[in-house]
Each structure stands twice: as C-alpha cells, then as structure tokens.
Protein chains: 2
Amino acid sequence: MCEQNFCYRYPHPAVTADCVIFGFDGVSIRVLLIQRGIEPFKGRWAFPGGFMKINETAEECARRELEEETGLKNTAVEQFHTFSDINRDPRERVITVAHYALVRLSEVKGGDDAASAHWFAMDEVPSLAFDHDLILRVAVNRLKERICFEPIGFELLPEVFTMTELQNLYEAILEVKFDRRNFYNKMLKLGILTEAEPRPANASRRTPTKYRFNDGKYAELKQKGFRLEF
Amino acid sequence: MCEQNFCYRYPHPAVTADCVIFGFDGVSIRVLLIQRGIEPFKGRWAFPGGFMKINETAEECARRELEEETGLKNTAVEQFHTFSDINRDPRERVITVAHYALVRLSEVKGGDDAASAHWFAMDEVPSLAFDHDLILRVAVNRLKERICFEPIGFELLPEVFTMTELQNLYEAILEVKFDRRNFYNKMLKLGILTEAEPRPANASRRTPTKYRFNDGKYAELKQKGFRLEF
DNA sequence: AATTTTTAGTGTAAAAATTACGCAAACAAT
DNA sequence: ATTGTTTGCGTAATTTTTACACTAAAAATT
C-alpha cells in the first residue's frame, strides 16, 4: 500500500500540462504523439504531457514533459485552453492546461526518449487517449486563428525556404488554396522576407528564389502595430 | 485543529476559477470587483471567484462563484487564460482558470451578495489582490481582440441603443476614435442591426435612430464564414 | 532523342473596400 | 438671439484585393 502523504482539508484535483506539437512535412500538417506505455489507455496514442510538480508553472511543466517524452528541448509552448471535464481521466479528477508549439520535424531525434513518439499527418491521427481528440480539435482551430495574425508558420519551415513551400504551409494549415501570384505579392509586400542568397546570374527559371524570415523587420513592423492577414 | 481528510500520493495544487466581468457606463468600460472580507488581502479588491469543487468544471465553478458573490445568474463566461505562478497565493499553491464575461451594469442588483461588489472604471481600478492586476491586463487584451471578430459588444448595451452609443462602446474598448459616418456605414453594411422602431414621421433630426442587435442575421452570416472587423 | 508535363517568374486591369470629408436642421445651453 | 453640439445623409479619391496568361527551363515520359 502506498503512502498518501499530501493531505488537504478539501479535495484537490490533479493538474497536468499537455503539448500539442505541430510539424510540417512539406505537404501536410503533422502532430507529434506518443504511445502510452501504462494504463490507463495503455497502447493508445496521446499528447506528450504529465503531472505538474508543485514548484513549477504549467508552462514549465509542459516543457519538461515534452523534453522527457520526446527529447525536444527549449520549445516555446503557448497555453491555449484548460480542460476540466469531470471524468476526463479515469484515475482521479485531473484538469489539464493544454499547450501547443510549432516544431520542425527534424528537431525530433529518434533517441531513447522519443522511441514511442511519432508524427501523424492530420488525416491519419487515430482515436486518442483521454479527451485528446477534443484537445486536438481545439488546438487546430487555435492554430488557424493564430497563423492569420502572427508569422508563426516560419517556425515550421527550414530557415531557408521557397515561396512555394511557404504557400503550401499556409494552404495546409488553413485548408484553402491561394492564387500563386497574389500570394507572392502579398508576402513580399509584407516585408518580412529576405532573399537568402542573391540569385546567381546563371539561375534558370526553374531554380526558385530562396527566402528567410526576417525577425528584425517583423519586430519593427509589429511595434508600429501591423497586421498580418490572409 | 482541522481534519485533513483528502490525501494524495503527490502534492496537488488547489484550483480556483476567477471572473473578470466587464460593463459599460456609456462612456467608460468598467470592471466588477469585490472587496475581500477575509485574509489574505483582506480589504483589497479582487475578481469574483473561488475554489473549484471536485465535481464541477472550471466554467461551472466560475458561474457559481459569480452568482454567490455578485448575484449575477446564468452569465456566459469564457475562459481566457490559466495562471499558475508558484507564489500567486500566499496560502498554498493555487492555480486559477480566469474567465471573462460582458454584463450590463443594470444586471447587478444591489443585494446582500453584492454588498461589497463595485463597478470600477478602468482608470480607477486600485491595486488588486493576488496577481489580479496581471489577470486584468490579460483580460483587457483579450477583450480587445475578441470585440474585433465577434459582436460581443452588444452584451454591454441595453437592448435598444443608438449608433452613437455603439460607437462610444467600440471606442472605449479599443481606445481609438472612428469617423462617425464611416462607423455608421460600416455597421449598417454588416447587416446585423435592425431599427428598433420605425422612425416616427415627426422625428426631428436630433432624435437618434434606435437599433437593436439582430441575432438571427448574425447567426446566418457567421455560418457563411463572415468577419466582423474594425 | 523527341515530346509532354511541371515549375518559377513576372504585371495589369477591374472590382471592392476604405478613407476623408461638408452641410443643414434641431435642440440645448448661454 | 447666439453659440455650440448632435443627428442624418452621400460622394469622390485612394488603397486594397482579386482575377487572370504567358514564357523558359527542367524533369518526366514516350
């Protein structure tokens, strides 16, 4: 029998933090899941996450669990909703502060930790543990809203990318199609892209221009109150 | 000495729900605060809120506490952020799921419950208990974002209102000034306003047209994917 | 080797949305 | 009586958004 050393005058729920990690494979948005090794929901897929320690914030917890379970270090996570349905965990009353982050697929090394981690395309995601199906739906909605106002999409691309890759990303997230020329014009007019290398003189038409995201320009524009929109 | 009947193997934080309630007095945005009757922060002002019961969700808790402390019944609250800093409550580790709602000033009756409740104009809000100053800042930002995309503002006005009152509301929330004619045109073009009563024939110029918010039209437009913006 | 398909780059005209702006009548305050 | 504030109303100029076609190079197919 285990000791139950932490006693309170009133019942306390347990608190967890979960992480919805989005990636991009060039065509589809993917989400990073881990396969549960223990009950409940043993064998089912779920988001990385776990119980909050008494001396860490929800965000610190999310980042710690993420590293422990997938090897991802120093990931900027952002909380998006707290789920508190009464029976969402069969063990005891658990509320979870759900976070999301955007990560390049390449950042997840296939180490020990990440043994059971896998990137699922959005249309291949199986039925998840706990209420994680619901959490995913909410996260996707939040991602769509967010990408319209902040250039978070760049966190999903390699440092240097082509305009077509960027367009594919936006189309994958928003599930719409853009006219290529209008997308080019709009993106370039925003002024947050820099050509990665001067286009060589001998560049053929077929060789696309490479861009990188210009943090400095973005910070500058943001301060003046600027709006990214699609 | 009190009994400590609820024991766990690991430490559990306490969980509360707090409510940032916004109102509008015709000129300024106001926020509903209650004066704390007990320690900690006895005598200081704070948001209505309190400890979550083990068999209620965070939202249910927010609504229950709101009614208990201010008499406001059946208020549609929406969670906007969970605050989990380690020392935000001197008693024990407490995380709070913060909610906000928009309410007409008139809905708060001066009953027993609300004895210590008071509507503060935003520029008169005193230094608050706990981390409620921070919570308020976050709530105001969220309100500004939200008002741009959903017509939540109407929840703050009487059922029937003039265009000028509506403009004052938007200007108070967003802290900007609009051109009166452009605001009129934009609002009317959205199609979510109905004239409350046909303007009497003898109406003088000086008698403003009264409008009401048209829920049906709004639901219709929303379904087609429509965007309210300012 | 020839043919077909795919991709990248580029610009403009039309339509729609946004902005700036003035006036006359009614009422209120002085 | 005078002054200042409030309401209703509409248009012209500007800006933004949208729709849309061709060429050359490379890759894939035959």
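Everything numeric in this text was worked out from a predicted model, so none of it was measured. A note on names: the letters A, B, ... follow the listed sequences, proteins ahead of strands, and every chain is numbered from 1. Atom set for the values below is all heavy atoms of this structure, side chains included, hydrogens, waters and symmetry mates excluded.
- Looking at which nucleotide of DNA chain C each of A:Thr164 and B:Asp179 is closest to, the 5′-most match is held by A:Thr164.
- Summarising the geometry, the separation between CG on A:Asn185 and P on D:dT15 is reported as 18 Å, rounded to the nearest angstrom.
- A:Glu78 pairs by the side chain to side chain donor-acceptor pair (under 3.5 Å) definition with A:Arg146, not counting sequence neighbours.
- Rounded to whole Å, the distance from CG on B:Asn182 to C1' on D:dG8 is 14 Å.
- In this structure, NZ of A:Lys189 is placed 11 Å from C1' of D:dT18, rounded to the nearest angstrom.
- At C:dA8, none of the side-chain N or O atoms of A:Thr207 fall inside 4.0 Å of OP1 or OP2 (strictly under the cut-off).
- To the nearest angstrom, P of C:dC21 lies 20 Å from CZ of B:Phe183.
- Regarding contacts with the backbone of D:dG8, a side-chain N or O of B:Tyr184 is found under 4.0 angstrom from either OP1 or OP2.
- The distance from atom CE of B:Met187 to atom C1' of D:dG8 is 18 Å, rounded to the nearest whole Å.
- For the pair B:Tyr170 and B:Phe183, the minimum side-chain heavy-atom distance is below 4.5 Å.
- In the helix from C:dA1-D:dT30 to C:dT30-D:dA1, the terminal helix axes, each the rotation mapping four pairs' C1' atoms onto the next four within five end pairs, subtend 30°, rounded to 10°.
- At a threshold of 4.5 Å between non-hydrogen side-chain atoms, the residues A:Arg63 and A:Val77 count as touching.
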Under 3.5 Å between N/O atoms: give me all the protein pairs with nucleotides 23-25 of chain C, atom names plus distance.
{"from": "C:dA24", "atom 1": "N3", "to": "B:Arg205", "atom 2": "NH1", "distance (Å)": "3.1"}

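- Between the side chain of A:Gln167 and the backbone N or O of A:Phe178, at least one donor-acceptor pair lies under 3.5 Å.
- Considering only heavy atoms from C-beta on, B:Phe230 stays 4.5 Å or farther from B:Ile147 through its side chain.
- Remark: P of C:dA20 and CZ of B:Phe178 are 12 Å apart, rounded to the nearest angstrom.
- Annotation: salt bridge (charged side-chain N to carboxylate O under 4.0 Å, His left out) contacts involving residues 131-142 of chain A, sequence neighbours excluded, comprise A:Arg88-A:Asp131.
- For the pair A:Phe154/A:Leu193, a side-chain contact is recorded, criterion being any heavy-atom separation below 4.5 Å from C-beta on.
- For A:Lys186 and D:dT15, the NZ to C1' distance is 13 Å, given to the nearest whole Å.
- Here A:Asn214 pairs with A:Thr194 under the side chain to side chain donor-acceptor pair (under 3.5 Å) rule; sequence neighbours left out.
- A straight line from CD of A:Glu229 to C1' of C:dA17 spans 13 Å, rounded to a whole angstrom.
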Residues 21-36 of chain B side chain polar contacts: donor-acceptor under 3.5 Å, at least two apart:
{"from": "B:Asp25", "atom 1": "OD1", "to": "B:Val27", "atom 2": "N", "distance (Å)": "2.7"}
{"from": "B:Asp25", "atom 1": "OD1", "to": "B:Ser28", "atom 2": "N", "distance (Å)": "2.5"}
{"from": "B:Asp25", "atom 1": "OD2", "to": "B:Arg30", "atom 2": "NE", "distance (Å)": "2.7"}
{"from": "B:Asp25", "atom 1": "OD2", "to": "B:Arg30", "atom 2": "NH2", "distance (Å)": "3.2"}
{"from": "B:Arg30", "atom 1": "NH1", "to": "B:Trp119", "atom 2": "O", "distance (Å)": "3.0"}
{"from": "B:Gln35", "atom 1": "NE2", "to": "B:Gly43", "atom 2": "O", "distance (Å)": "2.9"}
{"from": "B:Arg36", "atom 1": "NE", "to": "B:Pro40", "atom 2": "O", "distance (Å)": "2.7"}
{"from": "B:Arg36", "atom 1": "NH2", "to": "B:Pro40", "atom 2": "O", "distance (Å)": "3.1"}

